[in-house]
Novice: 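Structure below; questions to follow.
Everything quoted here is computed from the prediction, not taken from an experiment.
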Amino acid sequence: MSLTDLLVELEAAKDSKKAGPMEAYMRHQFFFLGIAAPERNALYKKYFPKAKKTKIIDWNFVDTCWRKEPREYQYVAANYLKAMQSYLTENDLPKLERLVVTKSWWDTVDILDRVVGSLVYEKQELEKIILQWSLSDNIWLRRVAIDHQLLRKEKTNVQLLEKILLHNLNQTEFFINKAIGWALRDYSKTNPAWVACFIEKNKERMTELTIKEASKYLSHH
């Protein structure tokens, strides 16, 4: 049972009735086979534990998935990398970058941000590259930079978070402003005072959307 078999099973599970609504939800940017997340997750459980035992990331498999037209293949690759993230090395960051900027939309980017985050956490010398991403012309690299520390709680590198957020204020791009709100909201569960202070200091340069997202839990403190 190899990863290639997973792709065969995925193809066999397609359901054109479900594909239409999925394509509409993604604003018709991608073609879908029509396989919803629960079915995909069931397939991952059959294949990924065995893949993890190899302790080697199969980048050919990832690239094959990324080249295929149906969107589900990109989900497979991104979730495969999430399952294999403890085996990433610093040489994999350029490969992850390529995935972020190819066939980009929030659905794949928001899986990859955590994959990138786990690598940067292990290899702190990569933080300087993430800072470069936070100034990129590509909004998706910026979004990954902003959100790569999600769920890190007290292990968050606050100085890095602050620099990245400051690089991204005064933006009109929805996906950036939403990401800033998320990063702040997530960290507010750990350090509400810091987040409240950041908002207070920078609110002139933040959109209403960002402030609303960021403040979601602050009223409870």
Side-chain angles (χ1 to χ4, degrees), residues 21-30 36-37 41 71 74-75 78-79 81-82 85 96-97 99-101 103-121 126-127 129-221:
M22 290 170 86
E23 284 167 14
Y25 182 62
M26 287 298 160
R27 301 194 186 169
H28 298 283
Q29 303 208 46
F30 306 104
N41 290 336
R71 190 58 167 167
Q74 282 95 64
Y75 297 158
N79 282 291
L81 287 170
K82 197 172 168 184
Q85 65 189 20
L96 292 168
E97 178 177 359
L99 299 181
V100 171
V101 301
K103 301 193 176 179
S104 316
W105 194 239
W106 62 263
D107 52 347
T108 49
V109 167
D110 291 354
I111 306 170
L112 294 170
D113 61 7
R114 222 68 56 77
V115 177
V116 169
S118 74
L119 175 58
V120 175
Y121 183 68
L126 297 175
E127 287 176 356
I129 296 173
I130 294 298
L131 269 175
Q132 288 165 10
W133 287 16
S134 75
L135 292 163
S136 170
D137 293 338
N138 183 290
I139 63 159
W140 302 109
L141 284 177
R142 283 183 180 252
R143 185 168 164 110
V144 169
I146 293 163
D147 282 341
H148 84 282
Q149 296 198 77
L150 285 179
L151 305 181
R152 241 194 241 166
K153 301 186 171 144
E154 53 286 328
K155 292 179 177 156
T156 301
N157 177 337
V158 189
Q159 289 75 22
L160 181 64
L161 177 66
E162 184 169 30
K163 276 184 197 161
I164 288 171
L165 294 179
L166 291 173
H167 285 168
N168 285 282
L169 299 181
N170 290 327
Q171 291 277 330
T172 53
E173 173 52 61
F174 170 82
F175 286 112
I176 300 283
N177 289 326
K178 187 97 171 165
I180 296 169
W182 271 356
L184 288 168
R185 181 178 73 191
D186 183 61
Y187 190 52
S188 76
K189 297 179 204 167
T190 303
N191 193 339
W194 186 91
V195 172
C197 180
F198 182 91
I199 295 169
E200 188 52 42
K201 234 178 359 201
N202 299 291
K203 59 176 188 260
E204 303 301 319
R205 300 159 65 197
M206 292 163 78
T207 62
E208 267 179 55
L209 166 80
T210 305
I211 294 170
K212 189 178 164 208
E213 286 282 339
S215 311
K216 194 167 178 186
Y217 302 121
L218 289 179
S219 51
H220 305 312
H221 291 279

Novice: May I ask you to test the Arg185-Ile180 pair for a side-chain heavy-atom distance under 4.5 Å?
Specialist: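 The answer is no; the side chains never approach within 4.5 Å.
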Novice: Using the rule given for side-chain contact (heavy atoms from CB on, under 4.5 Å), can you reason through Asp186 versus Arg152, listing the C-alpha separation, both sets of side-chain angles and the distance that settles it, and then say yes or no?
Specialist: CA-CA 9 Å; Asp186 183 61; Arg152 241 194 241 166; over 6 Å; no
Novice: So does Asp110 pair up with Arg143, basic N to acidic O under 4.0 Å?
Specialist: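 Salt bridge present between Asp110 and Arg143.
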Novice: Ser104 side chain to Val100 main-chain N or O, any donor-acceptor pair under 3.5 Å?
Specialist: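 Yes; at least one donor-acceptor contact below 3.5 Å.
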Novice: Is a donor on one side and an acceptor on the other found under 3.5 Å between the side chain of Glu173 and the backbone of Phe175?
Specialist: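 Judged by distance alone, yes, a pair lies under 3.5 Å.
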Novice: For Leu96, which of Asp113, Val101, Leu119 qualifies under side-chain contact (heavy atoms from CB on, under 4.5 Å)?
Specialist: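 Only one option passes, and that is Leu119.
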Novice: Should Lys216 and Glu213 count as an ion pair when the cut-off is N to O under 4.0 Å?
Specialist: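 Judged by the 4.0 Å cut-off on N to carboxylate O distance, Lys216 and Glu213 do not form a salt bridge.
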Novice: Do Glu23 and Met26 make a side-chain contact, defined as non-hydrogen atoms from C-beta onward lying under 4.5 Å apart?
Specialist: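 Result no, sub-4.5 Å side-chain heavy-atom pair not found.
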Novice: Test side-chain contact (heavy atoms from CB on, under 4.5 Å) on Leu166 and Arg205; report intermediate values, then the result.
Specialist: CA-CA 9 Å; Leu166 291 173; Arg205 300 159 65 197; 4.2 Å; yes
Novice: Under the side-chain contact (heavy atoms from CB on, under 4.5 Å) criterion, do Phe198 and Glu162 qualify, and how do the steps go?
Specialist: CA-CA 8 Å; Phe198 182 91; Glu162 184 169 30; 4.1 Å; yes
Novice: Evaluate the side-chain proximity of Tyr121 to Gln149: yes if any heavy-atom separation is below 4.5 Å, no if none is.
Specialist: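 No, too far: nothing below the 4.5 Å cut-off.
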Novice: Can you tell me if Lys82 has over 12 outside heavy atoms packed within less than 6.0 Å of its NZ?
Specialist: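 No, because the 6.0 Å sphere around NZ of Lys82 holds 12 heavy atoms or fewer from other groups.
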Novice: Is the Trp105 to Trp140 ring centre distance short of 6.0 Å?
Specialist: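 Ring-ring flag for Trp105/Trp140: true, centres closer than 6.0 Å.
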Novice: Going by an N to O cut-off under 4.0 Å, is there a salt bridge joining Arg71 and Asp107?
Specialist: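 Asp107 and Arg71: salt-bridged.
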Novice: Is there a side-chain contact between Ile139 and Phe174 (heavy atoms, below 4.5 Å)?
Specialist: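 Sidechains of Phe174 and Ile139: no contact.
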Novice: Quick one: does Thr210's side chain get under 4.5 Å of Leu169's, heavy atoms only?
Specialist: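 When only atoms from C-beta onward are counted, Leu169 and Thr210 do not touch, as no gap falls below 4.5 Å.
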Novice: Does the side-chain contact (heavy atoms from CB on, under 4.5 Å) test come out yes or no for Asn177 and Thr172, once each step is laid out?
Specialist: CA-CA 7 Å; Asn177 289 326; Thr172 53; 5.6 Å; no
Novice: Could you tell me whether the side chain of Glu97 reaches within less than 4.5 Å of the side chain of Trp133, counting heavy atoms only?
Specialist: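 Of all side-chain heavy-atom pairs linking Glu97 with Trp133, at least one is under 4.5 Å.
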Novice: Side chains of Val158 and Tyr187: does their closest heavy-atom pair fall under 4.5 Å?
Specialist: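 In short, these two side chains touch, coming nearer than 4.5 Å.
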Novice: Between Glu127 and Asn157, is there a side-chain donor-acceptor contact under 3.5 Å, judged purely by atom types and distance?
Specialist: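 Side-chain D/A pair, Asn157 to Glu127: present.
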Novice: Using side-chain heavy atoms (C-beta onward) and a distance below 4.5 Å, is Leu184 in contact with Met206?
Specialist: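 Sidechains of Met206 and Leu184: in contact.
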Novice: Tell me if a side-chain donor or acceptor on Ser215 pairs with a main-chain N or O of Leu218 at a distance below 3.5 Å.
Specialist: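 No, Ser215 side chain to Leu218 backbone: no donor-acceptor pair under 3.5 Å.
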